[in-house]
Amino acid sequence: MANRLTKGKGLFGSLRINGVIAGNTHTEKTTVTTLTDAAETLTATMVVTNGGLLVGTPTASRAKTIPTGTLTCAALKGYAVGDTFDVSVVNLAAATHPLVITAGTDATIVGVATVAALTSATFKVRVSAANTVVWYRV
């Protein structure tokens, strides 16, 4: 049976209305989380609930420990093994002061965990088992 919008032709991908693409859009609310100028343990709220945009301006090398796998998974609400989300870390330091991402309990980091001054890094976080996550630098 044909539908009225497509007159029986399949509609896949985006939808153009008055010359504007109206389909396949994705937005989400993200809170910019300002990191302290000290060693700290990141919270699940910082990396999951707020949208995972972490910005810091360290005046020396600063360790940032990721939350435990248990805390991360609890914040995901109804997660399944294989679920992923992104976390971005932006280092605004003008000098050579890095942000060093360190692993928490039941959390693993794959790839370079140091975010150099005036650079950023994105991590794809994957639930690898019950209450266990892996942060892949991409």
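We're numbering straight along the sequence, starting at 1.
Considering CD1 of I101 and OG1 of T114, their distance stands at 8.0 Å, rounded to 0.5 Å. Atom OG1 of T43 sits about 7.0 Å away from atom CG of N50, to the nearest 0.5 Å. Interatomic distance, CZ of R62 versus CG of L35, reported as 11.5 Å (0.5 Å rounding). Atom OG of S120 is separated from atom CG of L54 by 11.5 Å, given to the nearest 0.5 angstrom. Between atom CG of residue L76 and atom OG1 of residue T49 there is a gap of 8.5 Å, rounded to the nearest 0.5 Å. M46 CE to I66 CD1: the interatomic distance, rounded to the nearest 0.5 Å, is 13.0 Å.
Residues passing the side-chain hydrogen bond (donor to acceptor under 3.5 Å, both in side chains) test with S88, sequence neighbours excluded: T122.
V115 and A121 get closest at one heavy-atom pair: CG2-CB, 3.7 Å. Closest heavy-atom contact between A44 and A75: CB-CB, 3.7 Å. Residues D37 and T59 share a closest heavy-atom pair of OD2-OG1, 2.7 Å. Nearest heavy atom pair, residue P58 against residue A93, reads O-CB, 3.5 Å. Nearest heavy-atom pair, C73 versus V133, reported as atom, atom and distance to 0.1 Å: SG-CG1, 4.1 Å. When all heavy atoms of I109 and A113 are compared, the closest pair comes out as CG2-CB, 3.9 Å.
Residue L42 is grouped with residue V48 when hydrophobic side chains (ILVMFWY) are merged at heavy-atom distances under 4.5 angstrom, including chains of intermediate members. Taking hydrophobic clusters as Ile, Leu, Val, Met, Phe, Trp and Tyr residues chained together by side-chain heavy-atom distances below 4.5 Å, V55 does not share a cluster with L99. Hydrophobic clustering, with ILVMFWY side chains joined whenever heavy atoms are under 4.5 angstrom apart, groups Y79 together with V87. Hydrophobic clustering (ILVMFWY, side-chain heavy atoms < 4.5 Å, transitive): L53 and F85 are in distinct clusters.
Not one N or O on the side chain of T72 forms a donor-acceptor pair closer than 3.5 Å with the backbone of T70. With hydrogens and angles ignored, the 3.5 Å screen pairs no side-chain donor or acceptor of K124 with any backbone N or O of V134.
Sorted by first and then second residue, the ring-ring contact (aromatic ring centres under 6.0 Å, His included) pairs with a member in residues 112-138 read F123-W135; sequence neighbours excluded. Evaluation of the side-chain hydrogen bond (donor to acceptor under 3.5 Å, both in side chains) test over residues 93-108, restricted to residues two or more places apart or in two chains, returns T65-T102.
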